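None of these values were measured; they are calculated from a predicted model. Note on naming: letters A, B, ... go to the chains in the order of the sequence lines (proteins, then strands), and numbering restarts at 1 for each one.
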Number of protein chains: 2
Amino acid sequence: MRRDVFQAIADPTRREIINMIAHHPLNVNAVAENFEVSRTAIYKHIKMLTECGLVVITQFGRERYCEARLERLTEVSDWVEQYRRIWSERFENLENYLDELETKKKRPGKRK
Amino acid sequence: MRRDVFQAIADPTRREIINMIAHHPLNVNAVAENFEVSRTAIYKHIKMLTECGLVVITQFGRERYCEARLERLTEVSDWVEQYRRIWSERFENLENYLDELETKKKRPGKRK
DNA sequence: ATTTAATGCAACCCAAAGGTTGCACAAATA
DNA sequence: TATTTGTGCAACCTTTGGGTTGCATTAAAT
């Protein structure tokens with residue numbers, strides 16, 4: 001099953017999990033203990049995070065340590081950053097753009 | 001209904017809509033024409049985008065222009081950026097961290 | 001050898017997501 | 001005035017998401 005990083009970080013619980021293991025790995029139960037929901041629910045979230053590469057699991061005996069692969073967030077970072085320039089420029093141009101559009105199409109100036 | 005920006009950009013169609021109107025506003029039908037799915041489906045996506053502030057609509061006569069409010073992406077940007085330092089540092093420390101953990105807990109060195 | 005973690009996962013549930021068709025309605029146009 | 005165009009939205013359907021309980025399995029601890 002191919003998972004999407006954007007979808008993975010859409011859920012607040014998963015974002016919290018990432019935050020929790022960002023600095024050091026934790027085993028599955030340790031992660032689950034920090035939430036109200038069941039271990040299985042957390043297990044599923046972690047599974048999804050591994051499916052899109054945001055988390056990698058290393059087993060030690062019966063414990064499985066979850067480690068965050070934060071580099072995978074570059075996909076998100078890149079997507080957002082491509083718009084950064086636009087959103088600075090945009091602010092001053094919007095009104096002009098709409099006025100221009102209005103004139104071109106000969107629409108009444110009234111904006112409801 | 002309060003919507004989450006993270007959830008809004010989770011859907012690939014919505015990300016495409018944002019991309020489509022990032023440079024200049026488009027009316028609802030114009031956006032919809034670029035997709036295979038129905039106008040209603042796109043309408044719903046746009047509605048959701050407005051609910052979380054990523055899109056603002058300005059009406060001209062019977063047309064409604066959708067404009068991207070890209071600044072709202074700072075929430076995403078900020079969240080991702082907080083991890084950037086960690087993911088550079090992390091790479092070299094992981095093995096050490098795990099070894100340390102191993103030693104402390106007196107676990108066998110075998111990593112399956 | 002028993003018992004006690006730590007875990008994976010099937011089998012369910014219910015709500016939400018994403019899609020469709022169809023209809024209503026106001027603005028622009030013939 | 002009659003018609004076309006752009007739009008909102010209800011009603012419906014199916015899939016996915018996030019949650020639960022319960023059971024099996026394996027490693028560690030008694």
Side-chain angles (χ1 to χ4, degrees), chain A residues 1-17 21 25-52 55-67 101-102 104-112, chain B residues 1-17 21 25-52 55-67 101-102 104-112:
Chain A
M1 196 190 308
R2 197 67 215 117
R3 292 288 194 163
D4 186 336
V5 179
F6 287 90
Q7 202 193 343
I9 64 169
D11 185 89
T13 302
R14 282 193 293 267
R15 288 201 297 279
E16 223 179 306
I17 291 175
I21 62 175
L26 282 178
N27 65 49
V28 179
N29 276 1
V31 173
E33 276 166 13
N34 290 284
F35 295 91
E36 300 278 279
V37 297
S38 70
R39 179 183 59 81
T40 305
I42 300 301
Y43 160 72
K44 283 192 188 176
H45 283 308
I46 292 176
K47 195 177 182 197
M48 182 171 178
L49 289 169
T50 61
E51 279 167 0
C52 72
V55 164
V56 160
I57 294 189
T58 311
Q59 182 155 358
F60 285 78
R62 63 185 169 185
E63 290 173 272
R64 303 181 136 228
Y65 282 86
C66 308
E67 182 212 341
L101 227 165
E102 209 171 319
K104 225 180 336 197
K105 291 201 173 186
K106 297 180 179 76
R107 286 274 153 61
K110 184 172 56 181
R111 267 177 218 166
K112 205 199 74 186
Chain B
M1 197 189 307
R2 197 68 214 117
R3 294 286 193 164
D4 185 337
V5 179
F6 286 91
Q7 202 193 342
I9 64 168
D11 185 272
T13 302
R14 283 193 292 268
R15 287 201 299 279
E16 223 179 305
I17 291 175
I21 62 175
L26 281 179
N27 65 48
V28 180
N29 276 2
V31 173
E33 276 165 15
N34 290 284
F35 294 91
E36 301 278 277
V37 297
S38 71
R39 179 183 59 81
T40 304
I42 299 300
Y43 160 73
K44 283 191 189 177
H45 282 308
I46 292 176
K47 195 177 182 196
M48 183 172 176
L49 289 170
T50 62
E51 279 166 1
C52 73
V55 164
V56 159
I57 293 189
T58 311
Q59 181 155 359
F60 285 80
R62 65 185 167 184
E63 290 172 273
R64 302 180 138 228
Y65 283 86
C66 308
E67 183 212 341
L101 228 165
E102 208 171 319
K104 222 176 345 190
K105 291 199 170 183
K106 296 179 181 75
R107 287 272 152 63
K110 184 174 56 178
R111 267 178 218 165
K112 205 196 75 181

> Where the side chain of B:Arg64 is concerned, which of C:dT7, D:dT7, D:dC9 is the nearest nucleotide?
Replying inline: D:dT7
> Taking CD from A:Gln59 and P from C:dG8, how many angstroms apart are they, rounded to a whole number?
Replying inline: 8 Å
>> Rounding to an integer number of Å, can you tell me how far B:Phe60 CZ sits from C:dA27 C1'?
In response: 15 Å
>> Going by ring-ring contact (aromatic ring centres under 6.0 Å, His included), name the residues that satisfy it together with B:Tyr43, two or more places apart in sequence or in a different chain.
In response: none
>> Does a side-chain N or O of B:Arg3 approach OP1 or OP2 of C:dA17 to a distance below 4.0 Å, or not?
In response: yes
Dump every N/O contact between nucleotides 1-5 of chain C and the protein below 3.5 Å, one line per pair.
from  : atom 1 : to      : atom 2 : distance (Å)
C:dA5 : N3     : A:Arg62 : NH1    : 3.2

> What are the two closest heavy atoms between A:Phe6 and B:Ala10, and how far apart are they?
Replying inline: O-CB, 3.8 Å
>> Side chain of A:Gln7, heavy atoms from C-beta onward: which of D:dG8, D:dG17, D:dG6 has the nearest atom to it?
In response: D:dG17
> To the nearest Å, how far apart are A:Glu51 CD and C:dC9 P?
Replying inline: 10 Å
>> Counting distance alone, no hydrogens or angles: does the base of C:dG19 have a donor or acceptor under 3.5 Å from a partner atom on the side chain of B:Lys44?
In response: yes
> Can you list the residues that meet the side-chain contact (heavy atoms from CB on, under 4.5 Å) rule with A:Val31, with sequence neighbours excluded?
Replying inline: A:Ile17, A:Met20, A:Ile21, A:Leu26, A:Phe35, A:Ile42, A:Ile46
> Nearest of D:dT7, C:dT20, D:dG19 to any side-chain atom of A:His45?
Replying inline: D:dG19
>> Rounded at 0.5 Å granularity, tell me how far CD in B:Glu63 sits from OG1 in B:Thr58.
In response: 12.5 Å
> Any idea which heavy atoms bring B:Gln7 and B:Arg14 closest together, and the distance?
Replying inline: O-NH2, 3.3 Å
> How far apart are the closest heavy atoms of B:Leu49 and B:Ala8, and which atoms are they?
Replying inline: CD2-CB, 4.1 Å
>> Expressed as a whole number of angstroms, how long is the span from A:Leu49:CG to D:dG18:C1'?
In response: 13 Å
>> By the salt bridge (Lys or Arg N to Asp or Glu O under 4.0 Å) test, which pairs, at least two apart or in different chains, include something from residues 32-44 of chain B?
In response: none
>> Which residues in residues 32-40 of chain A have a heavy atom closer than 4.0 Å to any atom of DNA chain C?
In response: A:Arg39, A:Thr40
>> Nearest 0.5 Å, please: how far is CD in B:Glu51 from CE in B:Met48?
In response: 7.5 Å
> Between atom CG in B:Asp11 and atom C1' in C:dA17, what is the gap in whole Å?
Replying inline: 9 Å
>> Expressed as a whole number of angstroms, how long is the span from A:Glu63:CD to D:dT25:C1'?
In response: 16 Å
>> I need the CD1-P distance between B:Ile42 and C:dG19, as an integer number of Å.
In response: 7 Å
> Which of these nucleotides, C:dC9, C:dG19, D:dT20, is closest to any side-chain atom of A:Tyr43?
Replying inline: C:dC9
> In chain order, what residues pass the salt bridge (charged side-chain N to carboxylate O under 4.0 Å, His left out) check against A:Arg15, with sequence neighbours excluded?
Replying inline: B:Asp4
>> Rounding to an integer number of Å, can you tell me how far B:Phe6 CZ sits from D:dG18 P?
In response: 15 Å
